[in-house]
Every structure is written in structure tokens, then in C-alpha cells.
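Since the structure is predicted, the reported quantities are computational estimates derived from the model, not experimental observations. Just so you know, ligand 1 is whichever comes first in the structure, and atom 1 is the first atom listed for that ligand.
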Amino acid sequence: MTHECDIGLIGLGVMGRNLALNMADHGFSVGVYNRTAEKTREFIEKEAGERKIRSAYTLQEFISLLKKPRAILIMVEAGAPVDDVIEGIFPLLEVGDLVIDGGNSHFSDTNRRGKSLAEKGLFYMGMGISGGEYGARHGPSMMPGGQKEAFERVRPILEAVSANVNGEPCVAFLGSGSAGHYVKMVHNGIEYGVMELIAETYDLMKRRLCLTNDELHSVYGQWNRKELNSYLIEITTKIFQQPDDKTAKRLIDMIVDQAKQKGTGKWTSCEAMDLQIPTPTIDAAVIARNLSTHKTEREAVSQMLQGPKTTFRGDKKTFIDHIRGALYACMIITYAQGMNLLQGASEAYGYGLNLEAVARIWRGGCIIRAALLENIQRAYENRRDLVNLLLDPHLGQEVMERQANLRRVVITAIELGLPVPAMMVTLAYFDGYRSAWLPANLTQAQRDYFGAHTYERIDKGEGFHTEWGRV
Ligand code: 6PG
């Protein structure tokens, strides 16, 4: 019984259980351990069946199940639980063993843990996994980073269990250190951005175009058949048809309008601010979730602060086409912002990221998978050093062709008094980015005026200060 398992898995939550089954179904033997023994017993009795899954009820027993050098996948909640698990197995590990954190850990924690394990000659891999329960069971997108030689060791397992698009696995070694968790963080930032953009299209069509849930189902369904084809549009389509099992209504209308978050979107925004890389669509998405949580206050304020409440009076079909174009343009720009952040981080932290590989492994299994990613992958295939996705001739053209749609939608939303923060800032980003001149000269002058911070001249360079106001 000892030393027979190809891989060990700690944490039998939803993701851990399904990954264990997925790995076993692909012929790998898996040793499993969970802090609460009852969960392990239940998993073995009810789910594991005849598969090559061995259970352990102490960490010593668990470690002894694994082939050497060991590979251990930790699937517990990010934060302190990961440190607790590492602390528990640390004394039992031997030089050359590999520990993989498959949760949504903050990349700075991954750096810290990697460093401390390396001191004992252990390998550490931070690996983002996307796709939720279904993905874990049938093929997620996996984003590993760390040491390449450690990745090579578990590569056959990861390639077998990950999603597959046109024969290509949705897993690739992404880069050194915490690259994997960083990429997953930005994946989630893009996820926040696209979800907010879709929510804004819903808001417009529900509150101002007065579409029913059936009509919304039909609109998103049509959109999903063309350029907007993506997992998030697909589930949105289905959501509008879901009946509520407690009332005669649709479930969507029984759900409170307050969005929670675990924090990965906020991490992305904070990181982007630190690296001074603009990701306004993602920032707006985080802010929109934050604002949504102030429900009681919003209800009170809605009685006090009035604005336009008129319904849309134009041609609905034409306007829905504008919304569709606007959404696609915004989606491209959101991915562009995320990719830009990855590029900046790769330089700042020396990750050595290959953005073509990132786009490739996001095409399947993950939450932000979309037909658009094929074009994004191609853009990086054509030019590895592409500065911004908007500079790819095809994607740039797609946005240019739809900018009139986006402007129309934003103007209309403003007139109708409806908040579309993500669309507004996405358009502003587009207009700012394509602007050779921005009014930052005035900002420089003001800083120097009140704080003697100096300014840079267009003719003589940096370091100038003026005693302002003496004319
Ligand atoms: C995924 C998801 C997954 C999870 C998010 C939800 O890629 O499978 O992103 O990681 O559902 O953490 O994040 P929020 O709770 O912050 O919305």
C-alpha cells in the first residue's frame, strides 16, 4: 500500500473531490487526505467507487502513500489554511518533493511560501485553477508557475485532467515564482470586468427597454451564437429561464441585488494601481459590486435623489444591436487591460510570461473562456511583443467598427439615468489611450504650483520649478 500513489491531494472540498475523481479517471492513482476525517470517509464510500484512490487519516499515513519524489496538491481555502497545511506536512517532506497550491492564493503568499520551502530543497508551485466544480471534474484551465522542472514532473497528470481545445490542453507552464497565481488573479479580474459589462447590458434591457426574462433569454442566446460566444454569455442566457422552485417567478427576480466577492478582483485592481497600469474596467467592476452592497442606503436614497427615469423610446431592435456591439468592443478592451497588466507584471517580477500561452490555456475550461480568445491567441502568435491588444490589426479593427455602438449606448444610458460605469470607463480608456495629448501638463503645473514637485518641459526635459503666480 505504501508509496504507490502518483499524486497526493489535501482538501476534499468541492474542487478537491472533483479533481481527485478527474485524476483517477485518467488512470492516475491518488492519495487523499482531509482534516475532517468524516469528509474523507464519505468521499471514499459515496464517490470514489472502484477508482485508484487511497485515503489517509493522518498526515504521516498520507505522506507514506505517495511515490517519491512526492507531488502534493493542496486544495484548501486561500490564506491561513494553506499555511496550516504546509506547516503540517513540512516536517514529513524530503528534498525534491513538490507541493502545489491549487487555490486562489495571493501571489505574494505564494512567493513567501515558495522561498521558505526552497530553503529545505522542496519545490513549490502556485497553480491557479479555473472552471468551478464542473471544470474540476471534467477539465479545468490550469495556470501553473514556479520551477519548470517541477512542472515537467506533473505535466502528464495536468495535461490529462485539464480541458482540451482542438487537441491542445488548457495548461502550460507560465513562468517563474508566483506567475501561476498572478495569471489566475488577472483571469478573475477580467472575469469581474466582463460580468459587470454583461450586468450593465441586462440593466439597460430590463429597466429601460423593459424586456421580459424570456426576451432576455432570447437576446443573449442569439449573442452567444456569434462573436460574443463565451461561457459567461452562455450561463447568462440560461439564468433568465431558470424557474424559482419556491415561487411562481423566475429565480433571477428572487435574488437580492447585492454582489459578494472573495477579493481576487480587488487584488487585480490594487496590483494594477501599484504597477501604474490602467485597468479601469476591472476597477469599475469592483466598485459596482461594492456599491451594490449598500442596499439599505440605496433604497433610502432612491426616494430622495431624483434623476431621469424615462423608458427608451427609439427602435428597440436597433438599440439592442448597439448594445451587442458595445459589449463586444468592451470585452476586447477588458482583455486588453488584463493582458497589459500581465505584461507589466512579467517585467516587474521577472515572470517571463508568454501571453500567447496564457490566451491559449484560457480558451477552454475557465470562466472567461470565449471565442474571442482565439483571436487574442492569434494576435500574440503574430506578434509576441504586441504592446496592447488594441494594436493588433484585427482586434483594433473590431473595436473601431463598434466604437459608434459604444458611444450610442453610453450616451443613451446617461440620458436615461442608468449607471453603466464599466462601459463608460472602457470608452474613456479607449479615448485616452488613442489620444496623443492628454491634459496631464496641467496636472504637472498644479503639482509644481502647490508643492514644488517640479515638472517636465517639452523642450528641455525634467526638473523645472517655477514660482507660480508672479506674472
Ligand atoms: C474560477 C472562478 C473561481 C471563483 C471566484 C469567485 O475561475 O473558477 O473565478 O475562482 O468562482 O473566486 O470570485 P468572487 O467570489 O470574488 O466573485
Side-chain angles (χ1 to χ4, degrees), residues 11 13-19 22 73-79 81-82 100-107 109-110 126-145 158 161-163 165 170-172 174 178-199 230-236 239 255-272 279 281-293 331 334-335 338 341-342 358-370 373 422:
V14 175
M15 294 295 282
R17 282 202 313 275
N18 284 292
L19 274 171
N22 186 351
L73 175 58
I74 304 176
M75 292 302 303
V76 301
E77 208 184 312
V82 178
I100 308 165
D101 172 13
N104 272 339
S105 290
H106 193 276
F107 70 95
D109 285 335
T110 305
M127 179 169 75
I129 302 179
S130 177
E133 182 177 355
Y134 184 89
R137 182 69 185 89
H138 302 285
S141 172
M142 302 173 116
M143 297 155 240
L158 302 183
V161 302
S162 66
V165 176
C170 292
V171 61
L174 294 179
S178 53
H181 275 146
Y182 200 98
V183 170
K184 177 60 176 26
M185 175 187 78
V186 175
H187 164 285
N188 282 28
I190 295 172
E191 174 184 304
Y192 272 54
V194 175
M195 286 168 75
E196 170 59 21
L197 289 165
I198 297 175
S230 57
Y231 174 71
L232 284 170
I233 296 284
E234 180 194 325
I235 63 168
T236 305
I239 284 171
I255 297 179
V256 178
D257 56 323
Q258 301 191 82
K260 296 201 169 57
Q261 54 187 306
K262 288 200 195 116
T264 41
K266 186 187 82 176
W267 293 350
T268 311
S269 282
C270 290
E271 247 303 287
T279 56
T281 315
I282 298 167
D283 308 342
V286 178
I287 294 167
R289 287 201 197 188
N290 292 344
L291 183 60
S292 81
T293 63
M331 261 175 78
T334 307
Y335 282 84
L341 178 55
L342 287 179
V358 173
R360 175 160 31 90
I361 65 168
W362 282 353
R363 290 176 309 156
C366 67
I367 305 299
I368 64 166
R369 62 184 186 260
L373 277 158

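Distances shorter than 4.0 angstrom occur between a heavy atom of Gly131 and an atom of ligand 1.
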Quiz item: Run the side chain to side chain contact (heavy atoms under 4.5 Å, CB included) check on Glu271 and Ile282 step by step: do they pass?
Solution: CA-CA 11 Å; Glu271 247 303 287; Ile282 298 167; over 6 Å; no

Quiz prompt | Verdict with supporting geometry, Tyr182 and Leu341, side chain to side chain contact (heavy atoms under 4.5 Å, CB included) | solution = CA-CA 10 Å; Tyr182 200 98; Leu341 178 55; 3.7 Å; yes

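Remark: side-chain polar atoms of Asn22 are paired, donor with acceptor, to backbone N or O of Ala136 under 3.5 angstrom. Ser292 contributes a side-chain N or O that, together with a main-chain N or O of Ala259, makes up a donor-acceptor pair within less than 3.5 Å.
Results of the side chain to side chain donor-acceptor pair (under 3.5 Å) test with Asn104 over Glu77, Lys184, His187 single out Lys184 as the only residue that passes. Evaluated for a side-chain contact (heavy atoms from CB on, under 4.5 Å) with Pro140, the options Ile361, Ile367, Leu158, Ile129 yield exactly one hit, Ile129.
Closer than 4.0 Å to atom 11 (O) of ligand 1 lies none of the heavy atoms of the protein.
Of the listed options Lys266, Met195, Lys262, Lys262 places a heavy atom closest to atom 15 (O) of ligand 1. Of all the listed residues (Met185, His187, Arg289, Glu191), Glu191 holds the heavy atom that lies closest to atom 6 (C) of ligand 1.
Side-chain contact, His181 with Thr110: a donor N or O sits under 3.5 Å from an acceptor N or O. A side-chain N or O of Ser105 and one of Asp101 form a donor-acceptor pair less than 3.5 Å apart.
Among the atoms of Gln261, none of the N or O lies under 3.5 angstrom from an N or O of ligand 1.
Those atoms of ligand 1 with a heavy atom of Asn188 less than 4.0 angstrom away are 5 (C), 7 (O), 9 (O), 10 (O), 12 (O). Close approach of ligand 1 to Ile367 (heavy-atom distance below 4.0 Å) involves ligand atoms 1 (C), 2 (C), 7 (O), 8 (O). Heavy-atom proximity to Gly132, at under 4.0 Å, picks out these atoms of ligand 1: 8 (O). Which parts of ligand 1 touch Gly263 is read off a 4.0 Å heavy-atom cut-off, strictly below it: atoms 16 (O). Atoms of ligand 1 found under 4.0 Å from any heavy atom of Ser130 (numbered from 1 in listed order, with element): 1 (C), 7 (O), 8 (O).
Looking from atom 4 (C) of ligand 1 to the surrounding protein, the closest heavy atom is Asn104 ND2, 4.4 Å. In terms of protein heavy-atom proximity, atom 16 (O) of ligand 1 is nearest to Tyr192 OH, 2.4 Å.
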